[in-house]
Amino acid sequence: QVQLVESGGGLVQAGGSLRLSCAASGSIFGIRAMGWYRQAPGKQRELVATITSRGTPNYADSVKGRFSISSAQKTVYLQMNSLKPEDTAVYYCNFDLLGTRDAWGQGTQVTVSS
């Protein structure tokens with residue numbers, strides 16, 4: 001199966017920046033899209049950003065202008081700037097794979113202090 005390993009989370013003050021990475025390993029036939037989701041305590045998982053195989057990004061309204069998603073061959077990144085306490089959550093990467101179900105990362109904690 002495909003495994004996704006995330007890194008880059010941590011504790012940062014409001015206004016600061018973090019860069020998340022998610023690298024895939026295993027047998028991958030192709031990638032339709034990649035994305036980032038987050039889940040705050042007591043809340044449902046929500047979409048943060050996606051990027052298609054053509055390189056087209058899309059963002060949740062709450063992060064537009066602050067976050068940037070990018071990708072390499074089998075890696076997706078999330079550059080997070082101007083972080084707010086409301087961004088505090090566990091962030092999960094996702095690969096929409098050809099020929100099999102989606103793969104998910106293990107989650108990385110992002111905590112933004114005020």
Side-chain angles (χ1 to χ4, degrees):
Q1 70 276 18
V2 177
Q3 294 85 39
L4 305 182
V5 179
E6 303 180 27
S7 63
L11 174 64
V12 66
Q13 290 186 323
S17 298
L18 287 172
R19 183 175 175 84
L20 306 184
S21 299
C22 175
S25 63
S27 298
I28 298 177
F29 294 101
I31 302 171
R32 182 176 291 108
M34 293 171 277
W36 290 92
Y37 295 73
R38 67 187 182 187
Q39 187 168 23
K43 297 185 178 180
Q44 295 289 97
R45 184 185 64 184
E46 65 176 354
L47 176 68
V48 176
T50 61
I51 185 167
T52 70
S53 61
R54 296 174 59 88
T56 302
N58 225 323
Y59 301 95
D61 289 341
S62 59
V63 306
K64 284 181 179 177
R66 300 188 298 119
F67 291 11
S68 296
I69 188 171
S70 61
S71 65
Q73 187 69 26
K74 294 193 293 184
T75 306
V76 63
Y77 306 93
L78 186 68
Q79 178 67 47
M80 305 185 293
N81 300 322
S82 301
L83 282 161
K84 305 175 180 179
E86 305 87 83
D87 297 317
T88 296
V90 177
Y91 284 70
Y92 299 90
C93 58
N94 169 267
F95 279 38
D96 182 5
L97 301 170
L98 297 176
T100 189
R101 64 174 57 191
D102 288 8
W104 290 88
Q106 81 280 8
T108 184
Q109 177 70 48
V110 172
T111 302
V112 184
S113 62
S114 60

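Note that the coordinates shown come from a computational prediction; the quantities given were computed from them, not determined experimentally.
- In this structure the side chain of I51 never reaches within 4.5 angstrom of the side chain of T56, judged on heavy atoms.
- Atom CG of residue L97 and atom CD of residue Q1 lie 12.0 Å apart, to the nearest 0.5 angstrom.
- Residues passing the side chain to side chain contact (heavy atoms under 4.5 Å, CB included) test with R66 are V63, S82, K84, D87, sequence neighbours excluded.
- Listed by first and then second residue, the salt bridge (Lys or Arg N to Asp or Glu O under 4.0 Å) pairs that reach into residues 42-51 are R38-E46, sequence neighbours excluded.
- Screening residues 89-104 for salt bridge (Lys or Arg N to Asp or Glu O under 4.0 Å) gives R32-D96 as the qualifying pairs, with residues at least two apart or on separate chains.
- Looking at residues two or more places apart in sequence or on another chain, you find no side chain to side chain donor-acceptor pair (under 3.5 Å) involving N58.
- Residue pairs meeting the disulfide bond (SG atoms under 2.5 Å apart) criterion with at least one partner in residues 77-113, sequence neighbours excluded, are C22-C93.
- Listed by first and then second residue, the side chain to side chain donor-acceptor pair (under 3.5 Å) pairs involving residues 105-114 are Q109-T111 (not counting sequence neighbours).
- Screening residues 49-65 for salt bridge (Lys or Arg N to Asp or Glu O under 4.0 Å) gives D61-K64 as the qualifying pairs, with residues at least two apart or on separate chains.
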For side-chain contact (heavy atoms from CB on, under 4.5 Å), just list the numbers for V112 and V110, CA-CA rounded to whole Å, side-chain angles, deciding distance to a tenth of an Å, and then say yes or no. CA-CA 7 Å; V112 184; V110 172; 4.2 Å; yes
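- Note on residues 48-105: pairs passing ring-ring contact (aromatic ring centres under 6.0 Å, His included), not counting sequence neighbours, are Y37-W104.
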Between side-chain atoms of residues 7-20 and protein atoms elsewhere (two or more places apart, or another chain), which donor-acceptor pairs fall under 3.5 Å?
{"residue": "S17", "atom": "OG", "partner": "N81", "partner atom": "OD1", "Å": "2.9"}
{"residue": "R19", "atom": "NH1", "partner": "Q79", "partner atom": "OE1", "Å": "3.4"}

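- When hydrophobic clusters are built by joining Ile, Leu, Val, Met, Phe, Trp and Tyr residues whose side-chain heavy atoms come closer than 4.5 Å, directly or via intermediates, V90 is grouped together with L47.
- The two atoms that bring A103 and V2 nearest to each other are CB-CG1, 4.1 Å, heavy atoms only.
- Considering every non-hydrogen atom in both L4 and A24, the closest pair reads CD2-CB, 3.3 Å.
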